[in-house]
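Only one structure is covered here, and it is reproduced in the block below.
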Amino acid sequence: ALDAWCTPVTMKKARPGVVLSILARPDQREQLLKSLFRQTSTIGARVIPVSRHALQRQVQTVETQWGTVRCKVCTLNGSIVNVKPEFEDCAAISQKNGVPLKRVSQAALEIAWPTATAGTGV
């Protein structure tokens, strides 16, 4: 699957429930449905085709004062529109060094943005 998430809902007769949403490629549908039926209590599934649009991405590695963080540099028509530090890298560094996660992420961004945009005019 490309992504999966749960949404809390109220079912009929005001029963609490969960909607499991799975974003996957069409060739993964049958295997995911088999897993869904085998591993959950559901007796049915709705399959709804959707489009997925994603920015072009490259991974850039930056060195913070606490350790190395991979960052996704995202572009649209050749222009950088977003830089995202990898959550797992930031979380591991945060835990190891006793530094708040948001500080590690911010430090990575402060290093990655100027590096990614150097020479691009952004």
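Every heavy atom of this structure was used, including side-chain atoms; hydrogens, water molecules and symmetry mates were not. Numbering of residues begins at 1 and proceeds along the displayed sequence.
- In this structure, NZ on Lys84 lies 10.5 Å from SG on Cys71, to the nearest 0.5 angstrom.
- Across all non-hydrogen atoms, the minimal contact from Trp66 to Ile93 is CB-CG2, 3.4 Å.
- For the atom pair Ile80 CD1 and Gln56 CD, the distance stands at 13.0 Å (nearest 0.5 Å).
- Considering every non-hydrogen atom in both Cys74 and Arg57, the closest pair reads SG-CG, 4.1 Å.
- A distance of 11.0 Å separates CZ of Arg103 from OG of Ser94, quoted to the nearest 0.5 Å.
- Within the model, atoms CD of Gln58 and OG1 of Thr75 stand 6.5 Å from one another, a figure rounded to the nearest 0.5 Å.
- For the side chain to side chain contact (heavy atoms under 4.5 Å, CB included) test with Pro85, the passing option among Leu101, Ile111, Thr64, Leu109 is Leu109; the others fail.
- Nearest approach of Ala1 to Leu32, heavy atoms of both residues: CB-CD1, 4.3 Å.
- Under the 4.5 Å side-chain heavy-atom criterion for grouping Ile, Leu, Val, Met, Phe, Trp and Tyr, Trp113 is not connected to Val62 through any hydrophobic cluster.
- Taking both residues in full, the closest heavy atoms of Arg29 and Val47 are given as CD-CG1, 3.6 Å, listed atom of the first, atom of the second, then distance.
- Remark: of the listed residues Leu20, Leu23, Ile22, Leu23 is the sole one forming a side chain to side chain contact (heavy atoms under 4.5 Å, CB included) with Trp5.
- Residue-environment remark: CD (Gln95) stays at or below the threshold of 12 foreign heavy atoms within 6.0 Å.
- Scanning all heavy atoms of the two residues, the minimum distance from Val18 to Cys6 falls at CG1-CB, 3.6 Å.
- Minimum heavy-atom separation, Leu2 to Arg25: CD2-NH1, 3.7 Å.
- Within a 6.0 Å radius of CD in Gln28, more than 12 heavy atoms belonging to other residues, nucleotides or ligands are found.
- With rounding to the nearest 0.5 Å, the separation of NZ in Lys34 from CG in Leu36 is 13.5 Å.
- More than 12 heavy atoms of other residues, nucleotides or ligands sit less than 6.0 Å from atom CZ of Phe37.
- More than 12 heavy atoms of other residues, nucleotides or ligands lie within 6.0 Å of CG in Asp27, so this atom counts as buried by the packing criterion.
- Atom CZ of Arg70 and atom OG1 of Thr68 lie 10.0 Å apart (nearest 0.5 Å).
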